[in-house]
Participant: 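Have a look at this one.
Residue numbers count from 1 along this sequence.
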Amino acid sequence: MTMPWTADLGDGTYRNPVLNADWSDPDVVRVGDDYYLTASSFGRVPGLPLLHSRDLVNWTLVGHALDRLGPDADFAVPRHDCGVWAPSLRHHAGRFWIFWGDPDHGIQQINAEDIRGPWSAPHLVKSGKGLIDACPLWDEETGEAYLVHAWAKSRSGIKNRLTGHRMSPDGRELLDEGTTIVDADTIPGWFTLEGPKLYRHDGWFHIFAPAGGVETGWQGAFRSRTFDGPYEERVVLAQGTTEVNGPHQGGWVRTAAGEDWFLHFQHRGAYGRVVHLQPMRWEDGWPVIGDEGEPVLVHRRPDAPEQPVEAPPSSDDFPGGRYGRQWQWTANPRPGWTVGHGGDGLRLSCVRTAYAHDLRALPNVLVQRLPAEEFTVETGITLDAAEPGAKAGLAVLGDAFSWIGLEAGADGTARLVHRYAETVAEHERDAEHPRPAPGAAVRVRIEVTRGARCRFYADTGDGAGFQASGQVFAAAPWRWVGALLGLFATAPAGTGPSGTAGFTAFRTTAHRTPERPRTT
């Protein structure tokens, strides 16, 4: 088994993306010799992933800061494009702070002394519709605190502007009604200004903020001698002659060695928003990012002690029946979805639902990000449920979905099924004719190639080995979220015991290592 993607090339250089999965809208902070990163988690639970690195290249997933989304009733069902948008991570007064905007409820804040928690309960700093991309700043020289945020037009009717507030030093209250500190409608050619990150540097207030849209936009920088402005603007990172589309929205960090770096995302369709690391320097009071304002693909590593080659996990043996940190539910979980046991392997209850025909509507799907551009995922499935219609499977889940697994037939015996639904479809269809599954067990495999094209396979244990199933399925993203790998178990609506399903040895394996791009 190999990691699906490693950014560290082992020769003093790294390649982008450093996080080749959907770690959307990243923000980063350094504390001592350690770097920490969080990202948008939208409607998945737990939310606010927390990653750790010692060199900005090799990252591990250490946990999540948000156990549940609120209000609980709103997130009892999947709301894939809602929830946690574009968080900001800071360290101040001996504590970690995360601010984010929920576009339907307002700006929230949590904090903790240790990155691994416990984290405080969410505190609503500013209520309202369309308040997104919140970022605080504590001015260590003056003791004053500030907050800046953007707007979602879908909820507020407002976009393309940044609003600034004075904030109480404890991060709990805003001290004024807020003013527009950057109105991009007044800047020729600028649109969809959002995602601000607020900094103080060399006597200036600096706002790093993207514009132009996630697929085709650019990274902007603004500066002013006063928080209220007026602000000058400059484009500091754009696609240029590269293949890195829409390079923007992220965070600046200065290393212990005094180097400046910028982490940002690139939108890549079904793969979501992958994270790139760009060198950065200051020139004439402005940041210069990448190779004179264009993204680099390969570059020397940051000046830091050599670290083990690492990446966030994707494979899982489910030791002791527990799933790893890389998994999230598609809504707030409920007791009984997982079944405890003493051995390895995951056991899920076949949750009764009237929506088993549409995985997009199910809260009890355990999901994780696509871990690379080209990879294979494989797992074993057993179905311990004789009720007709009980089923369990491995899915590629997005605005369209496809899954392969087991279903109990009319006589209660297990059969192999492979189903899919198009983006516009409200009900899944067979992708292949069902066939018997002796022993109610099957091994399933999905091979994902460039363009997120997915070929499904199954081995029912009949001696024929893995057989291809159905047509190639092109994975589809949600509106703001990449496609997901998912495990699920369901049963028809009703009462009484519904059975369980088991999943063993979940494995993701790299297909190949891409050709080495040019070094900058």
Participant: Do Arg352 side-chain atoms and Gly496 backbone N/O form a donor-acceptor pair below 3.5 Å?
Facilitator: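 Flag set: sc Arg352 to bb Gly496 pair under 3.5 Å.
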Participant: Sort out for me which residue in Asp104, Asp81, Asp102 forms a salt bridge (Lys or Arg N to Asp or Glu O under 4.0 Å) with Arg155.
Facilitator: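 The option that passes is Asp104.
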Participant: List in chain and number order the residues that pass side-chain hydrogen bond (donor to acceptor under 3.5 Å, both in side chains) with Thr460, two or more places apart in sequence or in another chain; answer none if no residue qualifies.
Facilitator: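 By the side-chain hydrogen bond (donor to acceptor under 3.5 Å, both in side chains) rule, Thr460 matches Asp462.
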Participant: Check step by step if side-chain contact (heavy atoms from CB on, under 4.5 Å) holds for Phe503 and Leu348.
Facilitator: CA-CA 8 Å; Phe503 298 86; Leu348 298 180; 3.6 Å; yes
Participant: For Tyr35, is there any backbone N or O sitting under 3.5 Å from a side-chain donor or acceptor partner on Ser53?
Facilitator: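 Checked: no pair found.
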Participant: Do any pairs count as a ring-ring contact (aromatic ring centres under 6.0 Å, His included) and have a residue in residues 435-466, sequence neighbours left out, and if so which ones?
Facilitator: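 Every ring-ring contact (aromatic ring centres under 6.0 Å, His included) pair that includes a residue of residues 435-466, provided the two are not neighbours, is His418-Phe456.
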Participant: Determine whether a donor-acceptor pair (N or O, by modelled atom type, separation under 3.5 Å) exists between the side chain of Asp22 and the backbone of Arg273.
Facilitator: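 Between the backbone of Arg273 and the side chain of Asp22 there is a qualifying donor-acceptor contact (under 3.5 Å).
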Participant: Exactly one of Val448, Val367, Val396 should register a side-chain contact (heavy atoms from CB on, under 4.5 Å) with Leu485. Which one does?
Facilitator: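 The side-chain contact (heavy atoms from CB on, under 4.5 Å) with Leu485 is passed solely by Val396 among Val448, Val367, Val396.
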Participant: Is the closest basic N to carboxylate O distance between Lys197 and Asp133 below 4.0 Å?
Facilitator: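 No.
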Participant: Kindly write out the residues that satisfy side-chain hydrogen bond (donor to acceptor under 3.5 Å, both in side chains) with Glu378, not counting sequence neighbours, or none if the list is empty.
Facilitator: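 Checked Glu378 against side-chain hydrogen bond (donor to acceptor under 3.5 Å, both in side chains); matches are Arg443, Arg445.
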Participant: Which residue pairs satisfy the side-chain hydrogen bond (donor to acceptor under 3.5 Å, both in side chains) criterion with at least one member in residues 59-76, sequence neighbours excluded?
Facilitator: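 Counting only pairs at least two positions apart or across chains, the side-chain hydrogen bond (donor to acceptor under 3.5 Å, both in side chains) contacts touching residues 59-76 are Arg68-Asp72, Asp72-Asn332, Asp74-His105.
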Participant: Can you tell me which residue pairs pass the salt bridge (charged side-chain N to carboxylate O under 4.0 Å, His left out) test with a partner in residues 318-328, sequence neighbours excluded?
Facilitator: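 Qualifying pairs, neighbours excluded: none.
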Participant: Can you sort out the partners of Arg453 under side-chain hydrogen bond (donor to acceptor under 3.5 Å, both in side chains), two or more places apart, ordered by chain and number?
Facilitator: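 Listed in chain order: nothing, the list is empty.
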Participant: Just wondering, are more than 12 heavy atoms of other shown residues or ligands nearer than 6.0 Å to NE2 in His341?
Facilitator: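 Count over threshold, so yes.
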